[in-house]
Amino acid sequence: MAEILAAGEALERALALLQGGDIVAIPTETVYGLAGDATNGIGVARIFEAKGRPRFNPLIAHVAGMDMAERIAVFDPLSRRLAQAFWPGPLTLVLPQRPGNGIHPLVTAGLDTIALRMPRGFGGGLIAKLGRPLAAPSANSSGRISATTAQAVAADLGARIKLVVDGGATPVGLESTIVKAEGEKLRLLRPGGIAAEEIEAAVGMGLLRGDAAGVEAPGMLASHYAPDAAVRLNAKTVGEGEALLAFGGQRAEGWRHAAAFRNLSASGDLREAASNLFAYMQELDRSGARTIAVETIPFDGLGEAINDRLSRAAAPRDNTQPTT
Ligand code: TXA
Ligand code: MG
């Protein structure tokens, strides 16, 4: 079983594991990440193996500073502006790779672009000390709900990894927002922990939506974030044996009979809802309910990312290849 060490005491142990080509689960401000040295092919392969990822989809490389980022990728002015505005923070930029950057090709699945992010908290210090970027997908088995606590990581991956660094519940609770500059425009590849509106305000223009050329963020396949229970969206009623994931002051008919009940945010605060989403999905799933009924969540601000994750959790499970 993985050892769980408090963030304040884990730096040396985490460093030693990473330097030896091993992997470590670490807290970030978004969700827990399963980290390996992005320049070490064995370490990166261990990430895919531990997650049981069916295919080698590209990972985000996490950096500790702008100098490290510029050694790995080529920044256009728009992307640099976003990095200045939102790093460290829940924003991932997809950029052309700088040749000879030492990043193992498994990280990028052979693409000539790379997804970069500068995380807040424990990860930043760890990367700086290691002196190398960390490849880190969310620390969950492939296709499952992302982990927002060290305990959730240990319950899922504990038998396959040696160390979980415990930094408490992750404050944002949703994965990073992923954007990519396309000429003078920006495309939203994955809604996430920074609302699209915030990015639009920072750059003074609207974001392009949808994928220009097929699936741009290959991890964005339909069935994903799947609990064992079925998921039913926009629920106005609660059926026999169903659990209810509520939001704000709505109350689906029959809610008192729900097999289990959680309210993402009683006050209707989307930021609070985002931070509770994955943990509450897991808790409702553990109740053994056959279906999780979910009340309507507004689409503004972080609601876009919350609805994105919920619709993936609700997608049909067969004939799909969950990937991250
Ligand atoms: O908040 C987060 O982003 C968390 C924490 C741990 O940093 N990480 C995370 O990683 O969510 P992961 O592997 O679960 O999701 C990474 C996403 C996938 O959808 C992947 O397809 C996309 O990033 N991606 C990675 N490299 C890409 C690239 N070069 N072009 C387009 N999409 C890319
Ligand atoms: Mg993931």
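Whatever order the structure lists ligands and atoms in, that order sets their numbers, starting from 1. Counting begins at 1 with the first residue of the sequence.
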Less than 4.0 Å between a side-chain N and a carboxylate O, is that true for [Y] and [X]?
{"X": "E253", "Y": "K236", "result": "no"}
{"X": "D22", "Y": "K162", "result": "yes"}
{"X": "K129", "Y": "E12", "result": "yes"}
{"X": "E175", "Y": "R309", "result": "yes"}

Provide the number and element of each atom of ligand 1 under 4.0 Å from a heavy atom of [X].
{"X": "G33", "answer": "6 (C)"}
{"X": "A136", "answer": "6 (C), 8 (N), 10 (O)"}
{"X": "S138", "answer": "8 (N), 9 (C), 10 (O), 12 (P), 14 (O)"}
{"X": "I60", "answer": "3 (O), 8 (N), 9 (C), 10 (O), 16 (C)"}
{"X": "R190", "answer": "2 (C), 3 (O), 9 (C), 11 (O), 15 (O), 16 (C), 17 (C)"}
{"X": "T113", "answer": "28 (C), 29 (N), 30 (N)"}
{"X": "L111", "answer": "28 (C), 29 (N)"}

If hydrophobic clusters are built from ILVMFWY residues whose side chains come within less than 4.5 Å, do M205 and L208 share one?
no
Counting both backbone and side chain atoms, is some N or O of [X] under 3.5 Å from an N or O of ligand 1?
{"X": "R117", "value": "yes"}
{"X": "T92", "value": "no"}
{"X": "K51", "value": "no"}
{"X": "Y32", "value": "no"}
{"X": "E175", "value": "no"}

Looking only at the side chains, is there a donor atom on one of [X] and [Y] sitting less than 3.5 Å from an acceptor on the other?
{"X": "T113", "Y": "K180", "answer": "no"}
{"X": "S176", "Y": "R190", "answer": "yes"}
{"X": "T39", "Y": "D37", "answer": "yes"}

For T148, check side chain to side chain donor-acceptor pair (under 3.5 Å) against everything at least two apart and list the hits.
none
Give a yes/no verdict on whether any heavy atom in [X] is under 4.0 Å from an atom of ligand 1.
{"X": "K180", "result": "no"}
{"X": "V94", "result": "yes"}
{"X": "P90", "result": "no"}

To the nearest 0.5 Å, atom CG of D308 lies from atom CZ of F299 at 9.0 Å
Check whether any N, O or S atom of S138, backbone or side chain, sits closer than 2.8 Å to the Mg ion (ligand 2).
yes
What part of T108 sits under 4.0 Å from ligand 1 if we count only heavy atoms: the side chain, the backbone, both or neither?
neither
With heavy atoms only and a cut-off of under 4.0 Å, state how N57 meets ligand 1: side chain, backbone, both or neither.
neither
Quick one: ring-ring contact (aromatic ring centres under 6.0 Å, His included) partners of W87, sequence neighbours excluded?
none
